[in-house]
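These notes concern the structure reproduced below.
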Number of protein chains: 2
Amino acid sequence: MGKALTKNQTLVLDTLSKADGPLSAYSILDDLRDEGMQAPPQVYRALEKLLKTGLIHRLESLNAYIACRDPDCVSHPVTGFAICETCGDVSEFAGEKISKQLKDWEDDNGFLVEKTTIELRGICRPCKG
Amino acid sequence: MGKALTKNQTLVLDTLSKADGPLSAYSILDDLRDEGMQAPPQVYRALEKLLKTGLIHRLESLNAYIACRDPDCVSHPVTGFAICETCGDVSEFAGEKISKQLKDWEDDNGFLVEKTTIELRGICRPCKG
DNA sequence: ATAGCGAGCGTTATATTGTAACGCAATAAC
DNA sequence: GTTATTGCGTTACAATATAACGCTCGCTAT
């Protein structure tokens, strides 16, 4: 049972959910000026909470954030992202099989993973034409 | 046959090679003040070149750079990194098998990959004790 | 009830990371 | 030798992120 979101957290999540692509923290801030969001820490605190609860993801290679679209994302071992350099579209995928290979490496090397980042940069099918 | 590196490129590569962990662009700059490096663009331009030639890697989740330690890194399909949150140590690994799973996904989805980022954050064996 | 705790808020200021743009110098290509 | 390319040094700035302070609110253990 996750607790209800606060006003700021809801504003940030809604903005990300409505966006059709990843947004930077500062563009979220700009979008929410009229809603009372005034300064970066307010956005970053909301983002931090939403990240912790898994409602959004951070794209490390873009310094940007995106709402999670996978209803049962948390049940997947790892999540990957394919980012199109041309149109900016981002696809989220569940790395069921990849996870197994990673787990093997972790076991072999005694590494205890807390967070996994998988990001593919390239050209999506529609943009390839 | 790679071309010879310039003075600045050599300085940056040497700094990264001597470091026992990832360095930020600005800490490289600080290390090289005495060698004549004065401003960020000089460092960033050297980093850009070294990245392109595969002599160093960028750790997206750290905004930091590290010298490549894998002699035949370029021959591997994808490279992954395991980053210890405790000691800061970074292990580079070749994702031979992972690459296959990724390729399957790419083929299924018609996505043309240009660059792959795989980074594991966690605790390394020595730090687990 | 109430005192304390934790989480979040609003704010100011600052730290960190990365680029744009200029003119010049060295090098490589023809 | 002229011409393209690449890199250099510099100034200025943009973009991303955090520190720190004091305040409010809701919870909960005494």
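Chain letters run A, B, ... following the sequence lines, proteins first, then strands; residues in each count from 1.
As a whole-Å value, the separation of B:L23 CG from C:dT17 C1' is 14 Å. We find that CG of B:L5 is positioned 16 Å from C1' of C:dA26, with the value rounded to whole Å. Here the P atom of nucleotide C:dC9 and the NZ atom of A:K49 are 9 Å apart, to the nearest Å. Here the C1' atom of nucleotide C:dT17 and the CG atom of B:L47 are 12 Å apart, to the nearest Å. Taking atom CD of residue B:Q9 and atom P of nucleotide C:dT27, one finds them 13 Å apart after rounding to whole Å. Rounded to whole Å, atom P of D:dA14 lies 16 Å from atom OH of B:Y44. Going from atom CD of A:E60 over to atom P of C:dT17 covers 14 Å, rounded to whole Å. The separation between B:R45 atom CZ and C:dA21 atom P is 14 Å, rounded to whole Å.
Looking at heavy-atom distances under 4.0 Å, B:Q42 makes contact with a base. At a threshold of 4.0 angstrom between heavy atoms, the contacts of B:K7 with the nucleic acid are absent.
For the OP1/OP2 pair of D:dC8 and a distance below 4.0 Å, the side-chain nitrogens and oxygens of B:T6 include at least one atom meeting the criterion.
Heavy atoms of other residues, nucleotides or ligands lying less than 6.0 angstrom from NZ of B:K128 number more than 12.
Of the two residues near DNA chain D, A:S24 and A:P41, the one whose nearest nucleotide lies more 5' is A:S24. Comparing A:P40 and A:A46, the nucleotide of DNA chain C nearest to each residue sits closer to the 5' end for A:A46.
Stacking of A:Y26 onto the six-membered ring of D:dT16 is present: less than 5.5 angstrom between centres, less than 30° between planes.
Closest approach of A:E92 and A:C73 over heavy atoms only: OE2-SG, 3.6 Å.
Taking only side-chain atoms of B:A39, from C-beta outward, the nucleotide of D:dT16, C:dG8, D:dT10 with the closest atom is D:dT10. In this structure, the nucleotide among D:dC8, D:dA17, C:dT11 sitting nearest to the side chain of A:N63 is D:dA17. Closest contact between the side chain of B:N8 and the listed nucleotides D:dT18, C:dT19, D:dC8 involves D:dC8.
To the nearest 0.5 angstrom, A:T15 atom OG1 is 7.5 Å from A:M37 atom CE.
Hydrophobic cluster membership is shared by B:L55 and B:I28, with clusters built from Ile, Leu, Val, Met, Phe, Trp and Tyr side chains linked at under 4.5 angstrom.
Of the N and O atoms on the side chains of B:S61 and B:E119, at least one donor lies less than 3.5 Å from an acceptor on the other residue.
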